[in-house]
Amino acid sequence: MQQVDDKLLEHNETMSTKTYRPTLARQDAPGSNQRRNSKADPRFTFHVSRFTVLIAALALSGSAWAADDFSGGMGLGASGMFGGTKTLQANQTPGMTSLPPVAKPVPPVSAPPETASEIHPDSQKPRASAAHMKSAVFGAHLFTGAFARQGPTQFNPDYSITIGDSIRLRLWGSVTFDNVMLVDAQGNVFLPNVGPVKVLGVRNQDLQETIEKAVRRNFRANVFSYASLAEAQPVRVFVGGFVNRPGLYNGTSMDSLLHYLDQAGGIDLDRGSFLNVQIKRGSQIRKEISLYDFLLDGRIPQVQLADGDVIFVSSRQKIVMVSGLAENAKQFEFVGSDYNAAEVMKLAKPFPRATHVRVTRNTGTVKNIEYYPLEKADSLQLFNGDEIEFTSDKRPGTITVRVQGEHMGSQEHVLQHGARLGELLKQIVFNERSDVGNLQLFRLTVKDRQRLILQTSLKSLEAAVLTARSGTFEESQLRANEAGLILQWVDRAKDVVPTGQVLIAQTGQRDELLLEHGDVIHVPVKDGLVLVGGEVLFPNTIAFEQKLSVQDYIQRAGGYTQNADLSRVVIAHRDGSFDEADDGFFSGTKVQVRVGDHILVLPKVDMKSRQIAKEISQMLFQLALMAGVVVRLF
């Protein structure tokens, strides 16, 4: 063996340095093919013969050694007969062609067996449909892809065993057997030492008893059996009629009707029927199903499907559209001519606060509207295309008004609808600290109107800023920067919530004011304070003094800031009224500051456009009055 190794090493050196270099190099020389065809190279013939002898020696030296070193000998390994792959690469000259690698034989790979859970291609998996979720058709939300997902097969006791089902059989005792058997084409399963057992048509709950009787015929004692369904038969079911994607779909015989309908994209919402879904086998209709039973009561029959069955969705029947105060404000389907509003109420489930129903008749050439109380729903007949709306038509009986602030009585008062403020004031128990002369009334409807006024003014300001024209490029750049700052201020101003206060203190007929549901009466406290805010250095609350003027209070708050507008000072009184100062004077007369007043110094508006400056000034004034705040500019 050592001699053979020495010869192999010597041959590797010789072949890599002498034989292959000139021989392969001559392949690229002009006319080399002609010379090689006319006369073979004697040196090449000699080395080929020697190579054949060495291969034979390898085979005789042992199969194990040959299998281990053959790849190296062929120049495929790290070392071998020709010096290995690394040797050839190192000694290869330009123009040489390396030997091709020898491909190892690949054992044949058998395809995995197909199971029922793998026969659903990804292209058939439905995706959740946003249109179905938003549709007004009752039941459209069923078909969003949830039923199309393949889950574990669940067998019910009444399932009838059919050809192709898998049954796990176990025998133990004196005879042992454990395997999964397929029901053959004749409806049998073959048990060792027992023979064929007829199981076709046997119910699932009777399977154990059938197998046990067959085993007992051959083994009377000491052999026990157990049988259970392992897997249902894979089937292909046609889905047709008014569905979104009619076709042939995969599943198992125990998959529900909704599984196949969901794979087909669900029922066509414009043409398909939810009340009449048929399961056909050949020309026979095996079952007619209404999906409303599942939607409303959770009932759906379990129908065992077979290969080639057809699920057919019939055309849509009559419809009625429901809106208003109902849990299921959807489009419903009905059959027959004797259909009244009471039947629709069972489906739509109107809210308890609904009292009446409005019916819009769309049949014929004239559109009529009818209005009935819910008590007459039994006698209200509906027709195809009618629209009904459940409404609340209640007369107001009582209202609630909340009293807050400094008083001694109850905070919540229940009054008859149409009660006036004077009736409520008689029920309020005031004390010595109650500021009865400055009562405040806050109303929700007024608050909504004030918010609407502010939003409208802010939108007008935005439009004026965005549509302002410029004469030069430099001016356009300045306006763009200015517009960005203004829009930021507008965004902050949109978050301001008005108070909804109603001015009642200065009216002579205050007690005759009608109250509304949700009103809030606030009784201020005589605290002897004055608030100063806005464009002052130190916004603060200052103790009231009779002798102090508006300018005195501002000076006690640190004075004006650089952005203050000295001509725009607003004094908001507790009762909802206000005064505007002009350089510390009110139209040439001195105004007395009251207890509880709020002094607001508005900011200076410095804009290129006079129109925009005017609108911002107006907005600042409105915010100060409606919300009692000053929104700083930039």
Before giving the answer on side chain to side chain contact (heavy atoms under 4.5 Å, CB included), spell out for Lys526 and Val595 the whole-Å C-alpha distance, their side-chain angles and the decisive distance to 0.1 Å.
CA-CA 8 Å; Lys526 297 178 180 179; Val595 177; 5.8 Å; no
Verdict with supporting geometry, His356 and Tyr371, side chain to side chain contact (heavy atoms under 4.5 Å, CB included):
CA-CA 7 Å; His356 287 69; Tyr371 195 65; 3.4 Å; yes
Under the criterion side chain to side chain contact (heavy atoms under 4.5 Å, CB included), I'd like the reasoning laid out for Val357 against Lys376: C-alpha separation, chi angles, the key distance, then a yes or no.
CA-CA 9 Å; Val357 56; Lys376 296 183 179 181; over 6 Å; no
Are Phe274 and Leu269 close enough, and set up right, to give a side chain to side chain contact (heavy atoms under 4.5 Å, CB included), and what steps lead you there?
CA-CA 9 Å; Phe274 283 77; Leu269 302 180; 4.2 Å; yes
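Met321 has its side chain out of reach of Ile319: every pair of non-hydrogen atoms, C-beta onward, lies at least 4.5 Å apart. With a 4.5 Å cut-off on side-chain heavy atoms, Phe578 and Leu503 do not count as touching. Here the side chains of Ile521 and His413 are not in contact, with every heavy-atom distance at 4.5 Å or above. For the pair Phe538 and Val532, the minimum side-chain heavy-atom distance is 4.5 Å or more. Between Glu288 and Asn276 there is a side-chain heavy-atom pair separated by less than 4.5 Å. In this structure, the side chains of Arg353 and Lys394 come closer than 4.5 Å at one or more pairs of heavy atoms. With a 4.5 Å cut-off on side-chain heavy atoms, Leu257 and Val303 do not count as touching. With contacts defined as side-chain heavy-atom distances shorter than 4.5 Å, the pair Ile388/Tyr372 does not qualify.
The backbone N or O of Gln263 sits less than 3.5 Å from a side-chain atom of Arg245, completing a donor-acceptor pair. Under the 3.5 Å distance criterion, the side-chain polar atoms of Ser273 are matched with a main-chain donor or acceptor of Leu275. Listed for the Gln381 side chain is a donor-acceptor partner under 3.5 Å among the backbone atoms of Ser337. Side-chain atoms of Gln450 come within 3.5 Å of backbone N or O of Gly500 as a donor-acceptor pair. Judged purely by atom type and a 3.5 angstrom limit, Ser457 uses its side chain to pair as donor or acceptor with the backbone of Ile453. One N or O on the side chain of Asn328 and one on the backbone of Leu347 form a donor-acceptor pair closer than 3.5 Å. Proximity of a side-chain donor or acceptor of Gln440 to a complementary backbone N or O of Arg574 within less than 3.5 Å is detected. A side-chain donor-acceptor contact under 3.5 Å links Ser434 to the backbone of Glu406. The closest donor-acceptor contact from the side chain of Lys318 to the backbone of Gly336 lies under 3.5 Å. Checked by atom type and distance alone, the side chain of Lys447 never pairs as donor or acceptor with a backbone atom of Val497 at under 3.5 Å.
We find the OH-CD distance between Tyr339 and Gln317 to be 12.0 Å, quoted to the nearest 0.5 Å. To the nearest 0.5 Å, atoms CG (Asp386) and CG (Asn362) are separated by 6.5 Å. Expressed to the nearest 0.5 Å, how far CZ of Arg402 lies from OG of Ser410 amounts to 8.5 Å. Rounded to the nearest 0.5 Å, atoms CG (Leu439) and CG (Leu421) are 7.5 Å apart. The distance from atom CG of Leu529 to atom NE2 of His598, rounded to the nearest 0.5 Å, is 12.0 Å. In this structure, CG on Leu441 lies 12.0 Å from NE2 on His522, to the nearest 0.5 angstrom.
By the 30° and 60° cut-offs, the orientation of the rings of Phe332 relative to Phe138 is tilted.
No donor-acceptor contact under 3.5 angstrom links the side chains of Glu389 and Ser323, judged on distance only. Looking at Thr400 and His517, their side chains do bring a donor and an acceptor atom within 3.5 Å of each other. Looking at Asp448 and Thr445, their side chains never bring a donor and an acceptor atom within 3.5 Å of each other.
Minimum heavy-atom separation, Val502 to Arg443: CG2-CB, 4.2 Å. Taking both residues in full, the closest heavy atoms of Leu425 and Phe430 are given as O-CE1, 4.1 Å, listed atom of the first, atom of the second, then distance. For Leu548 against Asp552, the heavy-atom pair with the smallest separation is CA-OD2, 3.6 Å. Shortest non-hydrogen contact noted between Val320 and Val344 is CG1-CG2, 4.1 Å. Closest approach of Thr355 to Asp393, counting heavy atoms only: OG1-N, 2.7 Å. Between Gly324 and Ala329 the shortest heavy-atom distance is O-CB, 4.5 Å.
Applying side chain to side chain contact (heavy atoms under 4.5 Å, CB included) to Val536 and the options Ile599, Val569, Val601 leaves one that passes, Val601.
In the displayed structure, Asp338 atom CG is contacted under 6.0 Å by at most 12 heavy atoms of other residues, nucleotides or ligands. Under a cut-off of 6.0 angstrom, the local environment of CZ in Arg433 is sparse, with at most 12 non-hydrogen atoms contributed by other residues, nucleotides or ligands. Summarising the local packing, CD of Gln509 is surrounded by 12 or fewer heavy atoms from other residues, nucleotides or ligands at distances under 6.0 Å.
Between Arg594 and Asp575, at least one side-chain N (NZ, or NE/NH1/NH2) sits under 4.0 Å from a carboxylate O, which counts as a salt bridge. Under the 4.0 Å criterion applied to side-chain N and carboxylate O atoms, Arg361 and Glu370 are assigned as salt-bridge partners.
With sequence neighbours left out, the salt bridge (Lys or Arg N to Asp or Glu O under 4.0 Å) criterion links Glu387 to no other residue.
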